[in-house]
**Q** 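After the structure tokens below, expect a handful of questions from me.
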Amino acid sequence: MRRHTARTAATLCAAASLVAALATASAATSEPSPSASPTGRPPTRPVIVDCFWQPQVRPADFMLACGDGNSRLSSLRWTQWDANSATALGVNMVNDCKPYCAAGKFHAYEVIVRLENPQSWKKQPEMQHYTKMSLHYPENRPDGYTQVMTYALWN
């Protein structure tokens with residue numbers, strides 16, 4: 001019985017260490033998630049919620065098509081991020097799905113990203129998150145897209 005207990009304890013310690021290491025690595029690769037200020041008030045800067053329900057501030061990349069990965073924003077350079085809106089320049093990588101998505105090719109389209117309409121986030125009501133995203137294609141755009149595409153972001 002002691003041997004089983006010791007093995008279980010060692011496994012739990014190893015798992016806890018792995019979780020701590022992953023959290024540290026994740027924090028090192030992206031800007032930390034906003035947290036409450038020293039006054040206990042929520043941050044004034046809204047977040048954008050990614051496909052894994054993680055709050056992000058000024059992400060360099062953002063998946064638009066969470067289900068299949070056929071559209072994503074990359075190389076985002078944020079010029080504004082405040083309590084009302086955020087703006088970035090970047091690239092929208094879109095799969096043409098020709099003849100079908102698994103055999104399709106990704107194409108790059110320059111895009112201006114605009115985030116707006118911050119609201120309380122249902123998962124963390126003390127945190128504001130942007131609920132509207134507009135993509136403006138100044139030149140070329142994917143087939144079937146208009147020059148400005150507007151999306152509601154999840155809660």
Side-chain angles (χ1 to χ4, degrees), residues 15-16 18-155:
L18 180 60
V19 168
L22 289 174
T24 302
S26 175
T29 59
S30 64
E31 187 170 327
S33 299
S35 58
S37 68
T39 63
R41 293 188 187 121
T44 57
R45 189 165 56 171
V47 299
I48 186 170
V49 179
D50 68 16
C51 292
F52 301 105
W53 293 91
Q54 297 299 309
Q56 301 290 321
V57 176
R58 296 179 180 261
D61 300 294
F62 188 79
M63 185 67 61
L64 293 173
C66 294
D68 58 17
N70 284 322
S71 180
R72 70 179 185 275
L73 299 172
S74 63
S75 304
L76 294 173
R77 294 174 314 281
W78 296 95
T79 57
Q80 173 195 358
W81 192 291
D82 62 36
N84 298 312
S85 63
T87 305
L89 303 174
V91 176
N92 187 191
M93 299 297 298
V94 180
N95 187 347
D96 61 17
C97 291
K98 293 179 183 174
Y100 51 93
C101 292
K105 293 188 173 141
F106 280 88
H107 301 274
Y109 301 93
E110 290 184 18
V111 68
I112 300 166
V113 179
R114 178 106 171 136
L115 303 175
E116 297 175 293
N117 197 30
Q119 301 289 323
S120 290
W121 183 21
K122 288 180 183 177
K123 183 177 175 186
Q124 294 183 34
E126 71 283 357
M127 188 177 289
Q128 297 280 304
H129 75 107
Y130 294 113
T131 61
K132 179 180 169 187
M133 175 187 286
S134 298
L135 303 179
H136 173 80
Y137 298 92
E139 295 181 17
N140 298 330
R141 60 184 179 263
D143 289 342
Y145 284 43
T146 59
Q147 189 169 14
V148 177
M149 299 291 294
T150 302
Y151 303 97
L153 298 173
W154 41 89
N155 291 345

**Q** Is there a side-chain contact between N95 and D68, using heavy atoms and a 4.5 Å cut-off?
**A**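 Not in contact.
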**Q** So V49 and L153, do their side chains get closer than 4.5 Å, heavy atoms only?
**A**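 Answer no - side chains too far apart.
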**Q** Would you say that F62 contacts Q56 through its side chain, given a criterion of any heavy-atom pair below 4.5 Å between the two side chains?
**A**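 No; the side chains remain at least 4.5 Å from each other.
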**Q** Looking at CG of L115 and OG1 of T131, how far apart are the two atoms once the value is rounded to the nearest 0.5 Å?
**A**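 These two atoms lie 9.5 Å from each other.
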**Q** How many angstroms lie between SG in C51 and CG in L64, if you round to the nearest 0.5 Å?
**A**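 Reported to 0.5 Å precision, the distance equals 8.0 Å.
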**Q** Could you grab the distance from atom CG of N140 to atom CD of Q147, nearest 0.5 Å is fine?
**A**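 Result: 11.0 Å between the selected atoms.
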**Q** Rounded to the nearest 0.5 Å, what's the gap from CD on Q128 to CG on N84? Could you check?
**A**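 Going from the CD atom of Q128 to the CG atom of N84 covers 10.0 Å.
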**Q** Tell me, do P118 and H129 make a side-chain contact under 4.5 Å, heavy atoms counted?
**A**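 They are not in side-chain contact.
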**Q** Measuring from H136:NE2 to T146:OG1, what's the distance to the nearest 0.5 Å?
**A**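 H136 NE2 to T146 OG1: 10.5 Å, rounded to 0.5 Å.
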**Q** Side chains of Q80 and S85: does their closest heavy-atom pair fall under 4.5 Å?
**A**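 Yes, side chains in contact.
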**Q** Restricting to pairs with a member in residues 130-155, which pass salt bridge (Lys or Arg N to Asp or Glu O under 4.0 Å), not counting sequence neighbours?
**A**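 Only K98-D143, E116-K132 qualify under salt bridge (Lys or Arg N to Asp or Glu O under 4.0 Å).
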**Q** Where does the angle between the aromatic ring planes of W81 and W78 fall among parallel (under 30°), tilted (30 to 60°) and perpendicular (over 60°)?
**A**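 The arrangement is perpendicular - the two ring planes meet at more than 60°.
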**Q** Is the shortest side-chain heavy-atom distance between L73 and M133 below 4.5 Å?
**A**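 They are in side-chain contact.
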**Q** Decide yes or no for D96 and H107: does some side-chain heavy atom of the first lie under 4.5 Å from some side-chain heavy atom of the second?
**A**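 Contact flag for D96/H107 side chains = yes.
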**Q** To the nearest 0.5 Å, tell me how far N70 CG sits from M63 CE.
**A**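 Result: 9.0 Å between the selected atoms.
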**Q** Do the side chains of P59 and D50 get nearer than 4.5 Å, heavy atoms only?
**A**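 They are not in side-chain contact.
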**Q** Minimum heavy-atom separation for A88 and L76, please, with both atom names.
**A**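 Smallest interatomic distance, heavy atoms only, reads CB-CD2, 4.3 Å.
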